[in-house]
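Below: one structure, written as structure tokens.
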2 protein chains.
Amino acid sequence: MANPLDPEMFDPICPSSAMPIQIGDKWTGMVVLCLEEGPRRFTELRVPLGGVTPKVLTQTLRAMERDGLLTRTAYDENPPRVEYELTELGRSLFSLIAAARAWSRDHLPALLAARAAHESAPAAPRLLRRSPPSGPGR
Amino acid sequence: MANPLDPEMFDPICPSSAMPIQIGDKWTGMVVLCLEEGPRRFTELRVPLGGVTPKVLTQTLRAMERDGLLTRTAYDENPPRVEYELTELGRSLFSLIAAARAWSRDHLPALLAARAAHESAPAAPRLLRRSPPSGPGR
DNA sequence: CAGCATCCCCCCCGATACTG
DNA sequence: CAGTATCGGGGGGGATGCTG
């Protein structure tokens, strides 16, 4: 429940940008996964989301709060403590994320292969003649 | 197989922009659905995708071709004829789109309600005091 | 610790006009 | 019919610096 998040739970090499599926904005899906085991603090979330700036993470969390995907609870302590926790609606995204992951596992390699093939051989024939014109020139 | 596409198969009122799931770029998912029943021509695709400009549709189709989601076949006729058809990989997106639609049907109203509630009452309390400071001022 | 302010860049997307 | 060429706006996202 309160286990520390794995700093490498998201592979930076993973070509997630190539994935034809996206949950919300860039970081939304990963935030959902980070909150799977229970509430987390702001800085705690930044660990696995390597490189995300506080501004962008705040934007993401505010948008998710606005959409009812999570709740934000600020405790009036010193130092400040804020916790983010998924709502039922937020948890409903798990099935969708699982479907996206399953698709990626099964089909993303084919997509990447197709992409690589097109980069190495962009000279593929773009014209097919099925019904030749009545009078071909020359 | 060759039934004309319904010009209103995509509801312009539908707040698809609010959906926390996106397949590829803006038009990718809709192109996949347009090609569900078989190959379609360029102009044929433009009908249900109201408002999409030829440049953007071309970009979308080229990207999908590059990723192996569809094939492009140009016939050397006059007037020109080009057909786009889903590949097996492209068809593999159907299950994902179905999952996204099911989620939207079941949960999008709640998301929109949460969003509307936040707009009408942004004055929600953002501070909770659980552990009162040792000495509250005054 | 949990942010806010500011600046900036890139890229997606659209509007318009033209072509083989 | 099926695009291409050019221009331009908007916003998501990142870098940097500062604050209660």
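A note on names: the letters A, B, ... follow the listed sequences, proteins ahead of strands, and every chain is numbered from 1.
Taking both residues in full, the closest heavy atoms of B:Cys34 and B:Leu49 are given as SG-CD2, 4.3 Å, listed atom of the first, atom of the second, then distance.
Taking atom CH2 on A:Trp27 and atom P on D:dG11, their separation rounds to 22 Å, with Å as the unit. Rounding to whole angstrom units, CG of residue A:Leu61 and C1' of C:dC4 are separated by 14 Å.
Applying the 4.0 Å criterion to OP1 and OP2 of D:dG3, one finds that B:Arg72 has a side-chain N or O inside that range. Phosphate proximity of D:dG3 to B:Arg62: present, with a side-chain N or O under 4.0 Å from OP1 or OP2. OP1 or OP2 of D:dC1 has not a single side-chain nitrogen or oxygen of B:Arg41 nearer than 4.0 Å. Within the structure, every side-chain polar atom (N or O) of B:Thr53 is placed at least 4.0 Å from both OP1 and OP2 of C:dG14.
When heavy atoms are screened at a 4.0 angstrom cut-off, A:Asn78 is found touching no nucleic acid atom at all.
Atom CZ of A:Arg101 sits in a sparse spot, with 12 or fewer heavy atoms from other residues, nucleotides or ligands closer than 6.0 Å.
Residues A:Ser92 and B:Trp103 bring a donor and an acceptor atom of their side chains to less than 3.5 Å of each other.
Electrostatic pairing of B:Glu83 and B:Arg81 counts as a salt bridge here, judged by a charged N lying under 4.0 Å from a carboxylate O.
Taking only side-chain atoms of A:Thr58, from C-beta outward, the nucleotide of D:dG20, C:dC4, C:dC13 with the closest atom is C:dC4. Nearest to the side chain of B:Pro54, among D:dG3, C:dG3, D:dG13, sits D:dG3.
Side-chain to base pairing of A:Lys55 with D:dG14: one donor and one acceptor N or O lie within less than 3.5 Å of each other.
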